[in-house]
Amino acid sequence: MARDLLGKVLVHDTREGLASGLIVEVEAYVGESDPACHAAPGPTKRNAPLYGPPGFSYVYLNYGVHYLVNVVTEPEGSPAGVLIRALEPLEGIALMRRRRMRPIPDHALCQGPGNLTRALGISLKNNKFDLRGDTLYIADRGRGIESVSWSPRIGIAVGTDRGWRCFASGHVSVSREPLSPLRKI
DNA sequence: AGCAAGATTAGC
DNA sequence: CTAATCTTGCTA
């Protein structure tokens, strides 16, 4: 589930160095019946990773400008992914700032799905990566998120009825506050 | 072969 | 509020 990814750590280890951040905001895109999911039109070349085994990455170029990274969550043949929308920077902050090429406070370096891939140096080359590997991977460092909020997903025109965005309540690195949180746990 | 749209962001 | 920027997927 999307909730389980909150509090985990996304790490990208490259020649330039290692950068990582605590996952504080995600959105679920589930199945061909979800109109906002890239699997909605059925299998295509682009969404192939969604139909693959869980635990792999699905990276794509959005608006011709930003790379967005998902974690494939369902068994092979069942297309679903969780979009990572924001991280609290942990390691490699100097490297992140260099990649962002812009004066930004620490907490905002990985704020937003396009910004975090830029800060971590994630691109199309990282598509279909095994997230239990040693280049782009998710680590459990025993850190949890104490308070979680849910809201509709952001930036989409369809499927807004589903409250499948979840984030660390009130965290400074969350991309933005929800218009209407559905519940808090 | 041509075209419209898109899970965003920064700048005016 | 809008431009930027380009790949995918659909239509002809």
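Letters A, B, ... are given to chains in the order of the sequence lines, protein chains preceding strands, and every chain is numbered from 1. Note that these values count all heavy atoms, side chains included, but never hydrogens, waters or copies made by symmetry.
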Distance in Å, Asp34(A) CG paired with Ile156(A) CD1, rounded so as to fall on 0.5 Å steps: 7.0 Å
Within-4.5 Å side-chain heavy-atom neighbours: Tyr60(A) and Asn127(A): no
Leu50(A) CG to Glu74(A) CD distance, which is reported to the nearest 0.5 Å: 11.0 Å
Heavy-atom pair with the smallest gap, counting every atom of Ala19(A) and Leu120(A): CB-CD2, 3.6 Å
Sugar-phosphate, base or nothing in reach of Arg118(A), heavy atoms under 4.0 Å: nothing
Between C1' of dA7(B) and OH of Tyr58(A), the distance in whole Å: 9 Å
Gap between atom CG of Leu10(A) and atom OG1 of Thr117(A) - 0.5 Å precision: 10.0 Å
Nucleic acid contacts of residues 88-97 of chain A, taken as heavy-atom distances under 4.0 Å to DNA chain B: none
By side-chain hydrogen bond (donor to acceptor under 3.5 Å, both in side chains) - contacts of Thr14(A) (at least two apart): Arg99(A)
Interatomic distance at P, dG2(B) relative to dT5(C), whole Å: 22 Å
Footprint string (nucleotides 2-12 of chain C, 5' to 3'): B base within contact, S backbone only, - free, heavy atoms under 4.0 Å: --BBBSSSS--
For atom CZ of Arg100(A) and atom P of dT8(B), their distance in whole Å: 15 Å
Distance test, side-chain N/O of Arg165(A) to OP1/OP2 of dA7(B), below 4.0 Å: no
Sugar-phosphate, base or nothing in reach of Asn70(A), heavy atoms under 4.0 Å: base
Contact summary for Leu87(A) and Pro89(A), nearest pair of heavy atoms: O-CD, 3.4 Å
Straight-line distance of His66(A) NE2 to Ile122(A) CD1, nearest 0.5 Å: 14.5 Å
